[in-house]
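Both ligands and their constituent atoms are indexed starting at 1 by order of listing. Source: prediction; values computed, not measured. Any value given below was found using the heavy atoms of this structure, including those in side chains, with hydrogens, waters and symmetry copies removed.
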Amino acid sequence: MTIKGIIFDFGFTLFYFDNPSVEKYYECFKKGLLKSISYLKERQVWSEKITDETFIKKFAKKREHFFRKCIKTKTEFPTTLIFQNVLESLSEDKIINNIDQIDLNTYNKLAEMYHSCEEEEWEPFENTRETLEKLTKKNVRIALISNHPNHQTIKNMLKKHDLAKFFDFIMTSAKYGKRKPDPTIFLYVLEKMGLESHTDSVIICGDEYADIIGAYRANLKSVLLERKYKFPFEKEIDKPNLIKISDILEILNFVE
Ligand SMILES: [Mg+2]
């Protein structure tokens with residue numbers, strides 16, 4: 001069977017984050033959030049009634065609330081929405097001013113700043129470029145689906161490493177609204193790749209339960225890229241005949 005298309009996951013499939021730890025993760029987002037706060041102050045959407053620490057606490061609380069909701073409903077709550085909720089509630093309580101100055105572009109900018117530290121941390125695997133180049137030469141259509149709360153961040157990271165050009169289509173849960181393993185996100189991307197009637201010749205390649213089980217629910221083939229270490233609370237992939245690889249380059253073995 002000739003493979004016509006591959007849909008990759010982003011994190012720990014095409015890109016990695018060095019020494020991931022909860023502490024590093026929090027430090028990274030705090031740095032980003034402080035940038036967003038500076039921007040709000042610059043735009044005078046701020047007042048002496050609030051401190052950076054109070055804002056950070058409120059933001060973390062809202063993020064936690066959305067995170068719980070997201071686990072229950074599999075709906076993505078984009079970072080822009082967290083900013084919007086926090087700022088609207090601070091405005092209602094008359095703690096901050098000038099919220100009417102914030103338009104959609106500003107919310108996008110705040111979210112991008114919040115995730116900016118991530119852009120410095122994620123790096124493509126050593127063989128990512130070569131894999132994408134070889135697949136392109138073989139005329140395989142390539143797409144990406146990432147469970148990420150800010151679409152632009154994923155696009156920025158691909159662009160930064162000059163990899164965006166390899167993709168026929170890029171989708172994130174932030175833009176789509178639902179997260180993997182929801183099968184509809186895969187089917188939507190398949191249609192965008194022009195491969196909706198070639199489900200037999202498409203592979204989903206990812207490192208997690210969400211990728212493999214999502215592919216299974218969408219009736220698509222899947223290949224698991226085995227990570228070197230486990231994540232805490234990771235869901236076991238209980239699927240017979242699971243195909244595994246340990247380096248991204250091995251995906252080429254499935255293409256003629
Ligand atoms: Mg992943």
Side-chain angles (χ1 to χ4, degrees), residues 5-22 24-25 28-29 67 70-71 74-79 115 117-129 131-132 135 142-158 160-161 163-164 166-167 169-186 188-190 202-218 220-239 242-251 254:
I6 300 185
I7 304 177
F8 287 103
D9 163 52
F10 178 85
F12 298 100
T13 299
L14 295 179
F15 279 62
Y16 71 98
F17 190 109
D18 236 349
N19 308 316
S21 70
V22 179
K24 190 168 171 183
Y25 175 87
C28 181
F29 287 111
F67 179 71
C70 164
I71 288 186
K74 302 283 176 280
T75 303
E76 183 67 273
F77 294 92
T79 307
H115 289 283
C117 176
E118 256 188 285
E119 289 182 28
E120 289 155 30
E121 295 288 343
W122 287 103
E123 291 283 335
F125 280 114
E126 198 189 343
N127 290 331
T128 294
R129 172 174 300 276
T131 305
L132 296 172
L135 289 173
I142 308 169
L144 181 130
I145 304 179
S146 174
N147 275 348
H148 194 282
N150 195 47
H151 189 76
Q152 194 59 41
T153 303
I154 292 290
K155 283 184 84 175
N156 290 350
M157 291 190 282
L158 293 170
K160 179 181 167 191
H161 296 280
L163 295 172
F166 294 111
F167 294 89
F169 199 70
I170 295 163
M171 185 44 79
T172 57
S173 51
K175 193 164 184 181
Y176 185 75
K178 288 268 178 188
R179 288 170 65 86
K180 298 179 279 187
D182 186 297
T184 66
I185 190 167
F186 294 97
Y188 178 80
V189 170
L190 212 61
V202 175
I203 295 175
I204 309 298
C205 179
D207 67 306
E208 255 186 271
Y209 174 94
D211 303 300
I212 305 306
I213 300 305
Y216 177 72
R217 288 181 188 161
L220 299 166
K221 293 181 174 46
S222 63
V223 171
L224 177 77
L225 177 64
E226 276 194 297
R227 241 179 286 117
K228 306 248 176 332
Y229 39 77
K230 286 225 164 215
F231 288 156
F233 311 112
E234 197 166 359
K235 268 192 181 173
E236 207 60 47
I237 306 170
D238 183 17
K239 190 179 162 278
L242 184 60
I243 300 171
K244 298 175 187 174
I245 56 175
S246 56
D247 187 289
I248 192 64
L249 206 52
E250 290 171 55
I251 197 76
F254 300 90

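- Judged as a ring pair (Phe, Tyr, Trp, His ring centres under 6.0 Å), and not counting sequence neighbours, the contacts of H115 are F29, H148.
- Between F125 and the options Y16, F10, F8, a ring-ring contact (aromatic ring centres under 6.0 Å, His included) holds for only Y16.
- Neighbouring protein atoms of the Mg ion (ligand 1) (N, O or S, distance under 2.8 Å, waters ignored): D9 OD2, G11 O, D207 OD1.
- Here the options are R179, K180, K175, the test is salt bridge (Lys or Arg N to Asp or Glu O under 4.0 Å), and the partner is E76; only R179 passes.
- Summarising the local packing, NZ of K178 is surrounded by more than 12 heavy atoms from other residues, nucleotides or ligands at distances under 6.0 Å.
- Annotation: side-chain hydrogen bond (donor to acceptor under 3.5 Å, both in side chains) contacts of R217 (sequence neighbours excluded): none.
- Checked against salt bridge (Lys or Arg N to Asp or Glu O under 4.0 Å), E250 has no partners two or more places apart in sequence or in another chain.
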